[in-house]
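Every chain is numbered from 1, with letters handed out A, B, ... down the list of sequences. Basis for what follows: all heavy atoms, side chains included, without hydrogens, waters or symmetry-related copies.
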Amino acid sequence: MRFRQEVEKLLAQVEAGRVTTFGGLAEALGDARAAVPVFRLLRRNRPPGWHRVVRADGTLAFGEAASRLHEEGVEVRGGALRDFHRILFQDFRTDRPLDALRREQRVLASQVVLKDRFQEPDNVAGFDVSYRGDVAYAAAVGLDWETLEVREEIGLTTSVDFPYISTYLAYREFDPVAGCYARFEGPPALLLVDGNGTLHPNRFGVACHVGLKLDRPTIGVAKSLLMGRLDREILAPGEATPVRANGEVVGHAFRPGTGKPIYVSPGHRISDLTALRFVQHLCRTRIPEPLHLADRAARRIRRYHEG
DNA sequence: GCGACAG
DNA sequence: ATCTTGTCGC
């Protein structure tokens, strides 16, 4: 889905003299958590009708909207709407696109393979994306499995039309990541993605999305916990423990030699324990080497394009 | 003031 | 993720 286009479709339904809220638009998109992304989009792009969007308490988020609203016969006093509840538009016609994506995740999750269907890899690639507004700077670094020497490095710049919304990360990052993947001369044997695999409310984080669509063994590594509970909360350096949700193991927390734990979960065509073992093999520092290098490469590309 | 859910 | 200087610590 194109986020901006979907918001504009909804905004076109709010006639002059009426208003909606950031949360109202988000709910019409299919997920109330999109309220802040909607706010950011309107602040940046000001599509037609932007001035008719206010906060949930009826106050203006954009002061400049006051004069436009006044022209439409809407009374504004001290930054708040006079007859907020009377002019609040609530009858959006919508197919709730974010909810459709959530349902898609549930369907695709059933196709994920959590068994080790591969040989010991001889190389591994890490992927990461850096952003400047809507411009994505993606990088991928391919390493030799044994020596961890860099074999290949890919960089790609593209614009994205999907904001960061928790649990929908793949819809922001898949295209840049897939673009990098397509440019490898020799397809990597194992993929490492910055974010979760099965450690996700729909068991389908970005690493599952990438692994399934590209049909490659894939591991997800996150730097903070999205959901679930650790079997044991306190981890000594080098120690790992399962992360559970509804009683089932969805990944592992692993505390490297230094710093906070990282959260490892299978993306596709790998088991949770093999994913953990492989990540341990790849950890020179807190962040597995392929991801660490991809992160630095993506930032370097962004800074280069900035000037 | 609390809660605050990957990047 | 990004906005951002110096500062603290291994």
Side-chain angles (χ1 to χ4, degrees), chain A residues 3 22-23 26 31-37 39-41 43-44 56 98 101-102 105 109 126-140 157-178 180 191-211 218-230 237 243-246 250-267 275 279 284-288 290-292 294-303 305-307:
Chain A
F3 191 76
F22 301 105
D31 196 322
R33 291 175 307 167
V36 168
F39 166 76
R40 291 186 177 138
L41 173 74
R43 183 181 55 184
R44 275 176 61 92
L98 287 178
L101 296 185
R102 185 188 58 75
Q105 288 179 330
F127 297 76
D128 197 17
V129 189
S130 182
Y131 295 92
R132 172 74 182 222
D134 292 337
V135 182
Y137 302 94
T157 302
T158 179
S159 75
V160 296
D161 182 17
F162 198 99
Y164 170 73
I165 309 171
S166 179
T167 74
Y168 300 90
L169 177 60
Y171 298 99
R172 178 169 172 77
E173 302 211 330
F174 178 76
D175 285 353
V177 166
C180 288
L191 275 37
L192 250 66
V193 173
D194 202 351
N196 294 301
T198 55
L199 181 23
H200 181 278
N202 302 321
R203 305 293 178 272
F204 200 72
V206 62
C208 299
H209 204 116
V210 167
T218 304
I219 299 172
V221 178
K223 295 179 285 296
S224 65
L225 187 63
L226 172 62
M227 49 97 65
R229 288 188 55 166
L230 310 199
V243 178
R244 297 189 127 88
N246 302 320
V250 293
H252 283 82
F254 168 57
R255 182 151 176 228
T258 178
K260 298 176 294 183
I262 58 177
Y263 303 90
V264 182
S265 58
V279 164
R284 280 183 173 168
T285 60
R286 179 180 178 235
I287 305 300
L291 287 177
H292 186 214
D295 177 77
R296 286 175 55 227
R299 293 186 201 214
R300 181 166 48 71
I301 296 165
R302 175 169 61 82
R303 288 202 311 270
H305 276 77
E306 284 173 355

Ring-face cation contact, A/Tyr168 with A/Arg33, 6.0 Å cut, 45° max: no
Touch class at under 4.0 angstrom, heavy-atom based, for A/Arg132 against every strand present: sugar-phosphate
Rounded interatomic separation in angstrom, taking CZ from A/Arg302 and C1' from C/dA1: 9 Å
Rounded distance (Å) that lies between atom P of C/dA1 and atom OH of A/Tyr171: 22 Å
Touch class at under 4.0 angstrom, heavy-atom based, for A/Ser224 against every strand present: sugar-phosphate
Touch class at under 4.0 angstrom, heavy-atom based, for A/Ser130 against every strand present: sugar-phosphate
Nearest-angstrom distance from the residue atom CG of A/Asp194 to P of C/dT2: 11 Å
OP1 or OP2 of C/dA1 under 4.0 Å from side-chain N/O of A/Arg299: yes
Residue pair A/Arg172 / A/Tyr131, side-chain heavy-atom distance below 4.5 Å: yes
Parallel, tilted or perpendicular, as decided by the 30° and 60° cut-offs, for the rings of A/His209 and A/Phe174: tilted
Sugar-phosphate, base or nothing in reach of A/Arg40, heavy atoms under 4.0 Å: nothing
Contact nearer the 5' end of DNA chain C, comparing A/Thr258 with A/Glu306: A/Glu306
Listed nucleotide nearest any side-chain atom of A/Lys223, set C/dC3, B/dG7, B/dC5: B/dG7
Separation of B/dA6 C1' from A/Ile219 CD1 (nearest whole Å): 17 Å
Value in whole Å for how far the C1' atom of C/dT2 lies from CZ of A/Arg172: 10 Å
d(CD1, A/Ile301; P, C/dT2) in whole Å: 12 Å
Sugar-phosphate, base or nothing in reach of A/Asn196, heavy atoms under 4.0 Å: base
Between B/dC5 (P) and A/Leu225 (CG): distance, integer Å: 9 Å
Presence of A/Tyr164 side-chain N/O under 4.0 Å of B/dA6 phosphate oxygens OP1/OP2: yes
Short side-chain to backbone donor-acceptor contact, A/Arg286 and A/Lys223, under 3.5 Å: yes
Among B/dG7, B/dC5, C/dA1, the one nearest A/Asp128 by side-chain distance: B/dG7
Gap between atoms CD and P, on A/Gln105 and B/dA6 respectively (whole Å): 14 Å
Sugar-phosphate, base or nothing in reach of A/Phe162, heavy atoms under 4.0 Å: nothing
Shortest non-hydrogen contact between A/Gly126 and A/Ala294, atoms and distance: O-CB, 3.5 Å
Under-4.0 Å side-chain N/O to phosphate OP1/OP2 contact, A/Arg33 with B/dA4: no
